[in-house]
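Working notes, beginning with the structure itself.
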Amino acid sequence: WDLYSAGRVEAARDRLAEASAAGGGIWVDYALGLAEFALNHFDAAIAAWERVRAKKADFEPVYFDLADAYRRLDRSDDVLAILRETARRWPADPDAHNAVGVVLLRRGAIDDAIEAFNKAASAAPSDSIAFFNLGRAYQFRYQRMLSTVGQKGEAGRSLADRDRQSALENYKKHVALGGPLADQAREAISVLTWR
């Protein structure tokens with residue numbers, strides 16, 4: 001660990017790999033995963049962290065680490081699976097729900113993303129990021145609906161306007177909570193207000 005802390009990651013990885021092979025335990029495997037990840041050896045990091053998860057399933061950080069490693073390998077199904085398991089195991093953790101929602105939003109599953117962000121907001125009503133994410137998801141759905149209904153269909157425009165209002169409401173909550181993306185939220189509010 002001293003080698004890792006000193007920036008000598010390859011030397012640390014070699015020592016940690018030896019200690020892991022000798023049965024060093026889950027914390028050695030966890031540190032080995034960190035070293036492998038730092039060296040862009042994502043498959044090796046996953047292998048080390050999966051050993052940790054198998055032995056200490058209640059160690060939440062390893063789930064996020066695994067999701068990062070799977071993401072680096074463009075294994076989005078595995079990213080989503082591990083994040084969903086994280087959200088299931090720790091339902092009061094808004095970060096888990098937000099992470100699930102972000103993956104779903106990137107996939108275009110806007111309705112499912114909104115559901116995940118709502119779970120994050122319910123789990124932690126003072127979590128400004130959940131409200132920003134909700135605003136963004138509702139804005140995407142609003143824009144999608146507008147492009148679909150066009151100038152026809154009063155009912156479709158009415159539904160789209162509900163999403164616009166929901167986007168505004170959630171962006172305003174993010175700003176009111178002093179969220180770190182307040183400038184982006186204000187910009188979105190401006191765009192949505194002018195329609």
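For clarity, every value in this text was computed on a predicted model and none was experimentally measured. We're numbering straight along the sequence, starting at 1.
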Go through the steps for Arg13 and Leu16 under the test side chain to side chain contact (heavy atoms under 4.5 Å, CB included), then give the verdict. CA-CA 5 Å; Arg13 190 262 330 265; Leu16 288 164; 5.7 Å; no
For a salt bridge (Lys or Arg N to Asp or Glu O under 4.0 Å) check, start with the C-alpha distance between Arg71 and Asp78, then their side-chain angles and the critical distance, and finish with the verdict. CA-CA 8 Å; Arg71 184 184 57 79; Asp78 292 320; over 6 Å; no
Could you check Asp95 against Trp90 for side chain to side chain contact (heavy atoms under 4.5 Å, CB included), going step by step and ending with a plain yes or no? CA-CA 10 Å; Asp95 292 338; Trp90 293 277; over 6 Å; no
What verdict does the side chain to side chain contact (heavy atoms under 4.5 Å, CB included) test give for Arg72 and Asn40, after you've listed the backbone C-alpha separation in whole Å, the side-chain angles of each residue and the deciding distance to 0.1 Å? CA-CA 9 Å; Arg72 293 291 190 96; Asn40 295 325; 3.9 Å; yes
Show your reasoning for whether side chain to side chain contact (heavy atoms under 4.5 Å, CB included) applies to Arg84 and Arg88. CA-CA 6 Å; Arg84 280 185 166 153; Arg88 183 185 59 74; over 6 Å; no
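Residues Gly101 and Ala113 approach most closely at O-CB, 3.5 Å, considering heavy atoms. For the pair Pro180 and Ile129, the tightest heavy-atom approach, listed with the atom from each and the gap, is CG-CD1, 3.6 Å. In this structure, Ala167 and Gln139 approach most closely via the heavy-atom pair CB-N, 3.7 Å. When all heavy atoms of Ser128 and Gly179 are compared, the closest pair comes out as OG-CA, 3.3 Å. Looking at every heavy atom in both residues, Ala182 comes nearest to Val175 through O-CG2, 3.9 Å.
At distances below 3.5 Å, not a single donor-acceptor pair connects side-chain atoms of Trp49 with backbone N or O atoms of Tyr63. In this structure, Arg53 contributes its side chain and Leu66 its backbone to no donor-acceptor pair below 3.5 Å. Between the side chain of Ser190 and the backbone N or O of Arg186 there is no donor-acceptor pair closer than 3.5 Å. Arg164 contributes a side-chain N or O that, together with a main-chain N or O of Leu192, makes up a donor-acceptor pair within less than 3.5 Å. For the pair Tyr171 (side chain) and Arg136 (backbone), a donor-acceptor distance under 3.5 Å is present.
Surrounding CZ of Arg8 are at most 12 heavy atoms belonging to other residues, nucleotides or ligands under 6.0 Å away. Within 6.0 Å of CD on Glu169 lie more than 12 heavy atoms contributed by other residues, nucleotides or ligands. For Asp2, the CG atom counts as loosely surrounded, since its 6.0 Å shell holds 12 or fewer non-hydrogen atoms of other residues, nucleotides or ligands. Heavy-atom contacts from other residues, nucleotides or ligands closer than 6.0 Å to CD of Glu60 number more than 12. Around atom CZ of Arg107, more than 12 heavy atoms belonging to other residues, nucleotides or ligands sit under 6.0 Å away.
Here Glu36 contributes atom CD and Asp43 contributes atom CG; the two are 10.0 Å apart, rounded to the nearest 0.5 Å. With rounding to the nearest 0.5 Å, the separation of CG in Leu3 from CG in Asp14 is 9.5 Å. The structure places CD1 of Ile110 at 10.5 Å from CZ of Phe117, a figure rounded to the nearest 0.5 Å. Rounding to the nearest 0.5 Å places CD of Gln165 at 9.5 Å from OH of Tyr142. For the atom pair CD of Glu18 and CZ of Arg15, the computed distance is 7.0 Å after rounding to the nearest 0.5 Å. How far CD1 of Ile189 is from CD of Gln184: 12.0 Å, rounded to the nearest 0.5 Å.
When each of Leu83, Ile82, Val79 is tested with Val100 by the rule side chain to side chain contact (heavy atoms under 4.5 Å, CB included), just one qualifies, namely Leu83.
For His174 and Phe132, the ring centers are positioned less than 6.0 Å apart.
With hydrophobic clusters built from ILVMFWY side chains whose heavy atoms lie under 4.5 angstrom apart, Val9 shares a cluster with Phe37.
Judged by distance alone, the side chains of Asp65 and Tyr30 do bring a donor and an acceptor atom under 3.5 Å apart. With no hydrogens or angles considered, no side-chain donor-acceptor pair links Asn170 and Asn133 at under 3.5 Å.
For Asn118, the side-chain contact (heavy atoms from CB on, under 4.5 Å) test picks out Ile114, Leu134, Tyr138, with sequence neighbours left out. With sequence neighbours excluded, the residues forming a side-chain contact (heavy atoms from CB on, under 4.5 Å) with Ser20 are Val28, Asp29, Leu32, Arg51, listed by chain and number.
Two residues are said to be in side-chain contact when any heavy atoms from C-beta on lie closer than 4.5 Å; Arg144 and Asp163 fail this criterion.
Between Arg75 and Asp77, none of the side-chain N atoms (NZ, or NE/NH1/NH2) sits under 4.0 Å from a carboxylate O, so this pair counts as no salt bridge.
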